[in-house]
Amino acid sequence: AAGNYSVLVNYVGGCSNTSAIAAITQAPSPVAQFAINNANQCVNANTYIFTNMSTLYSGALSYAWNFGDATSSTASSPVKSYSTPGTYNVKLVATSVSGCMDSTTQTVTVNPNPSVTTPSGPTTVCSSLNYPSYTPVTYSTTLTTGLNYTWTVIGGTFSGASSGVNVNSVNIVWGAAGVGSISVTATNSSTGCSVTSTLSSIIINPSPYAIVAGLLNSCQNATNYYSLSNVIGGTITGYNWTVTGGTITSGQGTLGINVN
């Protein structure tokens, strides 16, 4: 134990006998110990906080940390981030002013990020507004065992009951004309580590909306003319007319038709 001690030393030589008392002081030894905020973290967002809990009966201590990746610190309670996945042995050496020391080692694990492919699907789409027969657009990513998937979309909504959770493929109903994006986040079910990939700059083109002008009541065997009085939504490149209960006699593919 630490304290002051006396030692009796006898010297015997020749015909004389002498004695001396030597005073020896035994300095207290430190006890090195530390805590870690979380010993298992992900490489894309890791912050290891090492809280020094070393003790000494009396006096000051100095510290030497080795983080296991060729880096070190002399701070009392350092903070460390790792850039490479792996398992690292973190060692703390506590030293008193008398040169007495103690050490302790703990292990931390830096888990790798999962891998996820960028969503595949069209980058030029049509708006669903004014489009009653709109077909949702499909986007997908490669399915990997052990990963959970969460999707987010800007400029559109998920089709039907799909919420974009735990599926590797989703159907999107795009909204108003503009620019949208779709992202998928893959999370490792064992480690909790995740990564997000985004398909951005999806062009949402306006869908055309046509207003037809013409007679609502017609005589049998009469020929009537019907045309588009207004077309809303971008530049029109073609027309395709469909008539029920009559026959298009001319004008198919143009702005107006004759119907018999």
Side-chain angles (χ1 to χ4, degrees), residues 114-145 147-187 194-260:
S115 177
V116 63
T117 58
T118 301
S120 62
T123 55
T124 300
V125 296
C126 294
S127 167
S128 63
L129 301 186
N130 303 319
Y131 199 160
S133 59
Y134 186 84
T135 300
V137 183
T138 301
Y139 295 86
S140 63
T141 187
T142 302
L143 179 64
T144 301
T145 302
L147 297 184
N148 296 323
Y149 299 93
T150 303
W151 294 79
T152 55
V153 60
I154 296 175
T157 58
F158 296 105
S159 175
S162 173
S163 61
V165 177
N166 290 335
V167 291
N168 72 309
S169 179
V170 292
N171 295 319
I172 303 299
V173 175
W174 291 106
V179 179
S181 66
I182 185 166
S183 302
V184 59
T185 299
T187 303
S194 62
V195 65
T196 299
S197 183
T198 301
L199 181 64
S200 57
S201 300
I202 298 174
I203 305 301
I204 308 171
N205 291 311
S207 296
Y209 175 64
I211 300 175
V212 179
L215 291 177
L216 297 180
N217 296 289
S218 175
C219 296
Q220 187 177 9
N221 297 322
T223 298
N224 297 304
Y225 180 74
Y226 296 89
S227 64
L228 298 178
S229 62
N230 193 11
V231 179
I232 303 171
T235 301
I236 308 303
T237 58
Y239 303 91
N240 184 33
W241 294 83
T242 301
V243 174
T244 301
T247 302
I248 299 174
T249 59
S250 63
Q252 178 65 278
T254 67
L255 190 65
I257 58 173
N258 289 302
V259 177
N260 183 272

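Keep in mind that the numbers below use all heavy atoms, side chains included, and drop hydrogens, waters and symmetry copies.
The closest side-chain heavy-atom distance from T144 to S115 is not below 4.5 Å. By the 4.5 Å heavy-atom criterion applied to side chains, Y139 and I202 are counted as neighbours. Side-chain contact between W241 and V212 is present, with at least one heavy-atom pair separated by less than 4.5 Å.
In the displayed structure, Y134 atom OH is contacted under 6.0 Å by more than 12 heavy atoms of other residues, nucleotides or ligands.
Heavy-atom minimum distance, V170 versus G164: CG1-CA, 4.0 Å. For L147 against P114, the heavy-atom pair with the smallest separation is CD2-CB, 3.6 Å. Nearest heavy-atom pair, S197 versus P119, reported as atom, atom and distance to 0.1 Å: O-CD, 3.8 Å. Contact record, P136 with N171: CB-CB, 3.9 Å, taken as the closest heavy-atom pair. Nearest heavy atoms, I257 versus Q252: CG2-N, 3.8 Å. Annotation for Y149 and V116: closest pair CE2-CG2, 4.3 Å, computed over non-hydrogen atoms.
Within the 3.5 Å criterion, the main-chain N or O of N168 finds no donor-acceptor partner in the side chain of S140. Side chain of S127 to main chain of S207: no donor-acceptor pair is present (N/O by atom type, distance under 3.5 Å, no hydrogens or angles). In terms of modelled atom types and a separation under 3.5 Å, the side chain of T141 and the main chain of T117 share a donor-acceptor contact. Using modelled atom types, no side-chain atom of T249 and backbone atom of N260 make a donor-acceptor pair closer than 3.5 Å.
Partners of Y225 under the ring pair (Phe, Tyr, Trp, His ring centres under 6.0 Å) rule, at least two apart in sequence or in another chain, do not exist in this structure.
To the nearest 0.5 Å, atoms CH2 (W174) and CG (L129) are separated by 13.0 Å. Distance check, rounded to the nearest 0.5 Å: CG of L255 to CG of L228 gives 5.0 Å.
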| task | Apply side chain to side chain donor-acceptor pair (under 3.5 Å) to T187 and N148, showing your working. | result | CA-CA 5 Å; T187 303; N148 296 323; over 6 Å; no
Review item, side-chain donor-acceptor pairs of residues 178-186, under 3.5 Å, at least two apart:
{"from": "S183", "atom 1": "OG", "to": "T198", "atom 2": "OG1", "distance (Å)": "2.6"}
{"from": "T185", "atom 1": "OG1", "to": "T196", "atom 2": "OG1", "distance (Å)": "2.7"}

